[in-house]
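This chain uses plain numbering: 1 for the first residue, then up along the sequence. Everything numeric here is computed off the predicted structure, so don't read it as measured data.
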Amino acid sequence: MVTTELMSRARAGDDSAFRELTEPYRRELQVHCYRMLGSIQDAEDVLQDTLLAAWRGLRGFEERASLRTWLYRIATNRCINALRSAKRRQAKEWDVADLQPPEPSRLGEIVWLEPYPDALLEGGPEARYEQTEAISLAFITALQVLPARQRAVLILREVLGYRASEVAEMLDSSVESVNSALKRARVGLQEQTGEPPAPESPAQEALVEKFVRAYQASDVDAVVALLTEDVRVSMPPVPLEYLGIDAVAAFYAEVIRPDRRYDLVPTRANGQPAFGTYLRVDGIRRGTGLLVLTISGDRIGAVTRFDNSVLPWFGLPRSLPD
């Protein structure tokens with residue numbers, strides 16, 4: 001079926017033709033919304049809003065740009081609107097009754113951050129690695145600090161490769177304004193991000209295996225030995241953050257105890273190694289959350305822990321038999 005005929009049918013009200021037209025772009029639009037919003041749930045909501053707006057506005061689509069560019073224009077502006085009026089996920093209190101964490105290094109502000117399953121990224125391993133830096137938790141977190149329009153410009157120009165003139169048209173702006181926003185966004189991003197995640201390698205796999213063995217054995221010293229000196233532990237939506245090896249060691253001394261034994265089930269999130277964590281309790285293993293590791297050289301530079309509500313997104317159950 002040629003695109004011209006599909007377009008004619010969709011404009012005439014054929015919703016199956018519209019779905020066929022837009023389905024090839026659905027996943028990449030969801031990733032775009034995720035980069036903008038930092039939350040997969042918010043991204044899906046805005047994606048649905050984008051497709052509804054495209055369906056309603058299809059007769060007015062003049063085809064001066066490609067359908068893909070038109071959809072990105074709608075999605076980007078819907079994201080900006082969502083950021084302006086957003087009711088973002090609120091911070092949660094620490095809720096593990098029998099554990100009292102030490103005083104944090106600071107309180108994190110990006111409490112709405114959520115992980116993105118690698119299984120939803122398009123393409124094979126090589127294509128996914130090309131996306132790794134632009135989907136990593138460090139990059140997504142840094143984007144959330146930028147003002148909405150700077151964020152949009154940086155993603156459209158640097159990640160998606162649109163020309164300044166195309167971005168200006170998408171945002172109803174000028175080329176000069178787009179270039180200025182990009183410069184400011186680059187400065188802001190450099191202040192926030194570190195090294196991009198390392199590609200998968202035998203050395204990385206060995207490091208991750210050591211982490212799993214140490215964590216499952218409740219061996220705090222062995223876990224800490226695998227971390228960088230400036231390691232960072234965060235746990236959105238709980239705002240507690242621990243910075244540096246001493247603070248993280250004190251935190252893990254409380255969390256990883258011989259009377260609390262965990263099993264780690266592997267998956268991947270944001271192009272990084274990740275694990276569902278299951279606590280052994282009364283003959284069952286209860287899902288307690290998801291750990292995402294950021295590898296920095298030959299050590300682990302960050303551990304981000306998400307609550308157990310995200311486990312189903314990764315095909316992981318809430319509990320496992322003992």
Side-chain angles (χ1 to χ4, degrees), residues 2-13 15 17-39 42-86 121-122 127 130-131 133-135 139-140 142-190:
V2 297
T3 302
T4 302
E5 183 178 343
L6 276 177
M7 183 66 72
S8 298
R9 285 170 46 200
R11 282 176 166 154
D15 59 351
F18 176 77
R19 285 195 300 272
E20 193 171 341
L21 277 174
T22 57
E23 187 62 29
Y25 310 111
R26 180 186 179 91
R27 188 65 71 199
E28 62 176 286
L29 286 169
Q30 185 190 55
V31 173
H32 176 60
C33 294
Y34 172 71
R35 289 189 179 109
M36 285 288 296
L37 303 172
S39 160
D42 292 347
E44 183 59 28
D45 289 344
V46 172
L47 174 61
Q48 295 302 324
D49 187 33
T50 295
L51 294 175
L52 180 60
W55 168 248
R56 290 174 173 172
L58 194 60
R59 291 182 180 179
F61 173 44
E62 300 176 354
E63 299 189 54
R64 290 182 299 174
S66 67
L67 176 64
R68 177 177 183 265
T69 297
W70 183 64
L71 291 171
Y72 268 103
R73 174 176 183 161
I74 297 172
T76 302
N77 284 285
R78 287 296 189 280
C79 286
I80 291 173
N81 291 340
L83 289 168
R84 287 171 177 165
S85 61
L121 296 175
E122 295 183 312
E130 291 176 359
Q131 302 177 68
E133 183 174 358
I135 199 70
F139 182 72
I140 299 299
L143 286 175
Q144 305 310 300
V145 178
L146 299 177
R149 288 182 70 85
Q150 288 185 29
R151 194 182 314 179
V153 168
L154 187 135
I155 294 170
L156 292 169
R157 291 281 285 118
E158 303 277 82
V159 178
L160 296 170
Y162 281 107
R163 298 189 299 274
S165 58
E166 294 174 309
V167 175
E169 186 170 351
M170 287 182 183
L171 300 179
D172 292 322
S173 184
S174 66
V175 171
E176 292 76 13
S177 178
V178 165
N179 288 336
S180 176
L182 180 60
K183 289 179 182 178
R184 295 196 301 274
R186 284 171 174 165
V187 171
L189 198 69
Q190 287 173 355

**Asked** Rounded to the nearest 0.5 Å, how far does CD of Gln30 lie from CG of Leu51?
**Response** 10.5 Å
**Asked** Got a sec, which residues hit salt bridge (charged side-chain N to carboxylate O under 4.0 Å, His left out) with Glu63, two or more places apart in sequence or on another chain?
**Response** Arg11
**Request:** Determine the interplanar angle of the His32 and Tyr72 rings, folded into 0 to 90°, and report it as parallel if under 30°, tilted if 30 to 60°, perpendicular if over 60°.
**Result:** perpendicular
**Message:** The criterion is salt bridge (charged side-chain N to carboxylate O under 4.0 Å, His left out); which residues satisfy it with Glu62, sequence neighbours excluded?
**Reply:** Arg64
**Pairwise distance OG1(Thr76) to CG(Leu29) - rounded to 0.5 angstrom** = 8.5 Å
**Request:** State which residues pass side chain to side chain contact (heavy atoms under 4.5 Å, CB included) with Arg184; sequence neighbours excluded, sorted by chain then number.
**Result:** Gln150, Ser180, Ala181
**Asked** Is there a side-chain contact between Thr22 and Trp55, using heavy atoms and a 4.5 Å cut-off?
**Response** no
**Fill in**
Ile140 and Gly38 have their tightest heavy-atom pair at CG2-CA, 3.9 Å
**Prompt:** Hey, are the side chains of Ile80 and Leu171 touching, using non-hydrogen atoms and a 4.5 Å cut-off?
**Reply:** yes
**Message:** How long is the straight-line distance from CZ of Arg9 back to CG of Leu21, given to the nearest 0.5 Å?
**Reply:** 8.5 Å
**Prompt:** Among all residues two or more places apart in sequence or in another chain, which pass the side chain to side chain contact (heavy atoms under 4.5 Å, CB included) test with Arg163?
**Reply:** Ser165, Glu166
**From Ser174 atom OG to Glu169 atom CD, the distance as rounded to the nearest 0.5 Å** = 13.0 Å
**Request:** Grab the two heavy atoms, one from Cys33 and one from Val46, that are nearest each other, plus how far apart they are.
**Result:** SG-CG1, 4.0 Å
**Message:** Within this structure, what is the CG-CG distance for the pair Leu154 and Leu146, rounded to the nearest 0.5 Å?
**Reply:** 6.5 Å
**Request:** Ignoring hydrogens and angles, tell me if any N or O in the side chain of Arg35 forms a donor-acceptor pair with the backbone of Ala134 under 3.5 Å.
**Result:** yes
**Asked** Which residue pairs pass the salt bridge (charged side-chain N to carboxylate O under 4.0 Å, His left out) test with at least one member in residues 69-82, sequence neighbours excluded?
**Response** Asp49-Arg78, Arg73-Asp172
**Item:** Over all atoms of both residues, closest heavy-atom pair of Thr50 and Ile74
**Value:** CG2-CG2, 3.7 Å
**Summary of salt bridge (charged side-chain N to carboxylate O under 4.0 Å, His left out) pairs that have at least one residue in residues 148-158, sequence neighbours excluded** = Glu158-Arg186
**Message:** Side chains of Ile135 and Phe139, heavy atoms from C-beta outward: is any pair under 4.5 Å?
**Reply:** no
**Message:** Using side-chain heavy atoms (C-beta onward) and a distance below 4.5 Å, is Leu58 in contact with Trp70?
**Reply:** yes
**Item:** Shortest non-hydrogen contact from Leu156 toward Val167
**Value:** CB-CG2, 3.7 Å
**Request:** Mind checking the CG-CG spacing from Leu83 to Leu37? Nearest 0.5 Å is all I need.
**Result:** 5.0 Å
